[in-house]
Protein chains: 2
Amino acid sequence: MASGPVASPRKEADSPRNFFAEKSRACGYCELRSKGFCSRLSENQKALLAEVSRLVTLESHKTLFRQGEEADNVYVVRNGMLRLYQRMLDGRRQVIGFAKAGDLLLFPFSERNDYSADALDSVYLCQFRRQDFLGLLQREPELLSALAVITHDELTRARYQIALLSQRKAEPKMAQFLLALFESCARPDSNPMAIPVRVPQADIADYLGMTVETVNRTMARLVRDAIISVAKHGLDLLDVKRLREIAESY
Amino acid sequence: MASGPVASPRKEADSPRNFFAEKSRACGYCELRSKGFCSRLSENQKALLAEVSRLVTLESHKTLFRQGEEADNVYVVRNGMLRLYQRMLDGRRQVIGFAKAGDLLLFPFSERNDYSADALDSVYLCQFRRQDFLGLLQREPELLSALAVITHDELTRARYQIALLSQRKAEPKMAQFLLALFESCARPDSNPMAIPVRVPQADIADYLGMTVETVNRTMARLVRDAIISVAKHGLDLLDVKRLREIAESY
DNA sequence: CGTTTATTTGAGACAACTCAAGTTGCGTGG
DNA sequence: CCACGCAACTTGAGTTGTCTCAAATAAACG
């Protein structure tokens with residue numbers, strides 16, 4: 001449920017002392033992210049945020065929060081991946097994105113959650129009481145402009161998704177989606193590129209506006225042609241060049 | 001071109017005296033808009049903005065600015081309608097929205113224009129030098145939070161478009177699009193609802209990710225069934241209930 | 001009044017959808 | 001350790017709706 005994901009002893013951090021120690025390490029990690037919210041902040045601002053943050057973990061398949069609920073908290077993802085989705089009026093589920101380390105979840109000024117979020121694997125987050133976060137925004141205009149900028153970044157990504165969905169053909173759609181996901185998961189150290197979690201085909205289908213069957217057949221073709229490979233832990237990119245060609249094939 | 005749309009004598013406002021008089025009337029008008037940027041501002045903030053604003057008009061079919069150009073200005077639409085679009089890597093044109101009175105065009109922190117904008121009819125705008133706008137944002141945190149909020153509103157609209165594009169069938173897509181456009185054009189005084197400008201079918205096609213032919217056939221059916229009617233000046237909504245039914249028909 | 005641009009209509013191909021039936025993988029409990 | 005059950009994935013065959021291509025008409029503009 002939304003209000004109380006319990007901190008699990010993934011990295012023994014339950015005593016106040018360890019708790020804070022964990023926190024600063026967390027910020028260090030988040031800094032590595034290129035698009036992360038925290039990466040835009042000064043040390044001083046990060047210290048202010050750390051003061052009001054709580055660490056929470058969420059097991060795979062659990063729901064962090066639901067669309068429409070009162071927004072008590074906002075989150076920054078530290079580790080793992082979540083699917084973000086909305087339920088449409090006609091009952092369809094629209095996956096609007098996949099959140100990774102460094103991403104801010106929920107907009108602090110919104111009084112209700114705009115979307116739902118489920119963990120795709122074991123997830124580790126920084127939680128902020130929305131009111132605390134708002135207070136900080138009021139005191140720190142720098143934080144406020146960082147918020148405006150990352151919201152605009154999200155808008156840019158949403159427009160990218162719009163362009164994706166306008167594609168008629170399944171293959172370039174899939175290729176563009178995979179490329180973006182691979183790139184957003186890319187770490188300087190890991191080569192070749194890999195997506196470290198197993199993303200259900202149903203989620204991809206609801207992201208791309210296709211059926212599971214079409215997603216499956218399209219991915220099967222990519223695997224057969226040795227462009228990607230699937231494993232228990234996630235996806236590996238075998239042939240970037242060919243995937244790019246397919247992405248641009250229109 | 002982007003840099004200098006010339007003020008035309010639609011409402012003789014070229015002398016400094018008339019120029020300012022026009023301006024305050026403009027703000028009064030914008031306040032009526034529910035989603036308008038200016039409607040979120042205090043009188044004091046509007047006065048500050050008015051100090052650095054210039055009135056510009058743009059003839060039908062002219063381009064206000066182009067994607068990728070250096071962003072010298074931002075705009076608030078006062079009157080008329082524009083189409084906003086991006087050119088994708090594969091050459092496709094993606095229409096990302098239709099701007100109306102009260103809408104802010106371009107994100108002040110972006111150094112290059114994210115999209116292009118063309119007038120669909122005669123358009124009247126408030127122009128701000130981006131640097132002036134940024135200076136004001138720095139001095140007025142309230143303005144900054146207004147910017148964050150309207151950027152988030154745009155994100156919400158983008159997600160609505162995402163849900164639209166995921167639809168497989170042309171009819172509900174069209175119906176949902178038209179409903180949203182009718183509603184965003186709605187004025188308390190005008191009943192029944194009407195879209196006061198002629199939106200080219202090619203633009204609708206590039207918004208919904210369909211071909212002109214399909215757009216045409218789908219609209220023709222709506223007209224034949226007396227749900228909407230087309231005129232030189234725009235579109236009229238004849239049967240809201242039926243249009244809603246079609247929109248939800250999946 | 002001719003030229004350009006936008007809209008309309010038709011016929012056929014094709015790719016994704018639907019429905020229906022397997023298969024695989026994985027956690028649970030006997 | 002195996003049997004079971006559930007959920008995710010896979011495969012097949014037929015349907016359908018949009019796209020494609022091509023051409024005619026209508027409207028807009030100078």
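In what follows, chains carry the letters A, B, and so on, assigned in the order in which the sequence lines appear, proteins first and then strands, with residues in each chain numbered from 1. What you see is a predicted model; the values in this text were computed from it and never measured.
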- prompt: With sequence neighbours excluded, what pairs up with B:Phe182 under the ring pair (Phe, Tyr, Trp, His ring centres under 6.0 Å) test?
  reply: none
query: According to a strict under-4.0 Å criterion, is B:Asn216 in side-chain N/O contact with OP1 or OP2 of C:dT8?
result: yes
statement: Per-residue pairing states of DNA chain D in dot-bracket (Watson-Crick or G-U under 3.5 Å; . unpaired, | other strand) read ||||||||.|||||||||||||||||||||
- request: Could you encode protein contacts along nucleotides 24-30 of chain D as a string, one character per nucleotide from 5' to 3', using B for base contact, S for sugar-phosphate-only contact and - for no contact, with a heavy-atom cut-off of under 4.0 Å?
  value: ----S--
query: Quick one: A:Met219 CE to D:dT10 C1', roughly how many Å, whole number?
result: 13 Å
field: Interatomic distance where CD belongs to A:Gln201 and P belongs to C:dT24 [whole Å]
entry: 15 Å
- request: Search all heavy atoms of A:Leu104 against all heavy atoms of A:Phe37 and return the closest pair with its distance.
  value: CB-CB, 4.3 Å
query: Parallel, tilted or perpendicular: which fits the ring planes of A:Phe98 and A:Phe177, with parallel below 30° and perpendicular above 60°?
result: tilted
message: Run the side chain to side chain contact (heavy atoms under 4.5 Å, CB included) test against A:Ala175 and tell me which residues pass, sequence neighbours left out.
response: A:Leu243, A:Ile246, A:Ala247
query: Listed by chain and number, what are the side chain to side chain contact (heavy atoms under 4.5 Å, CB included) partners of B:Ala119, not counting sequence neighbours?
result: B:Leu58, B:Val123
Contacts table for residues 198-210 of chain B: side-chain donor-acceptor under 3.5 angstrom, sequence neighbours left out:
unit_1, atom_1, unit_2, atom_2, d
B:Gln201, OE1, B:Asn216, ND2, 3.0
B:Asp203, OD1, B:Arg83, NH1, 3.2
B:Asp203, OD1, B:Arg93, NH1, 3.2
B:Asp203, OD1, B:Arg93, NH2, 2.6
B:Asp203, OD2, B:Arg83, NH1, 2.6
B:Asp206, OD2, B:Arg93, NE, 2.8
B:Asp206, OD2, B:Arg93, NH2, 3.0

task: Please identify each residue that fulfils side chain to side chain contact (heavy atoms under 4.5 Å, CB included) with A:Gln94, with sequence neighbours left out.
output: A:Met88, A:Arg92, A:Ile96, A:Gln161, B:Ile162, B:Ser166
- prompt: For nucleotides 15-23 of chain C, read 5' to 3', which letter fits each nucleotide if B means a protein heavy atom sits under 4.0 Å from the base, S means only the sugar-phosphate is that close, and - means neither?
  reply: SSSBBB---
- request: Can you sort out the partners of B:Arg159 under salt bridge (charged side-chain N to carboxylate O under 4.0 Å, His left out), two or more places apart, ordered by chain and number?
  value: A:Glu154
field: Nucleotide C:dT8, atom P - distance to CD1 of B:Ile204 in whole Å
entry: 11 Å
- request: Quick one: list whatever passes side chain to side chain contact (heavy atoms under 4.5 Å, CB included) with A:Ser110, sequence neighbours left out.
  value: A:Phe107, A:Asp114, B:His152
query: What residue pairs, at least two apart or across chains, pass salt bridge (Lys or Arg N to Asp or Glu O under 4.0 Å) with a residue in residues 160-178 of chain B?
result: B:Glu171-B:Arg221
- prompt: What side-chain hydrogen bond (donor to acceptor under 3.5 Å, both in side chains) pairs are there with at least one residue in residues 226-245 of chain B, not counting sequence neighbours?
  reply: B:Glu183-B:Arg244
statement: Rounded to whole Å, the NZ-P distance (B:Lys173 to D:dG17) equals 14 Å
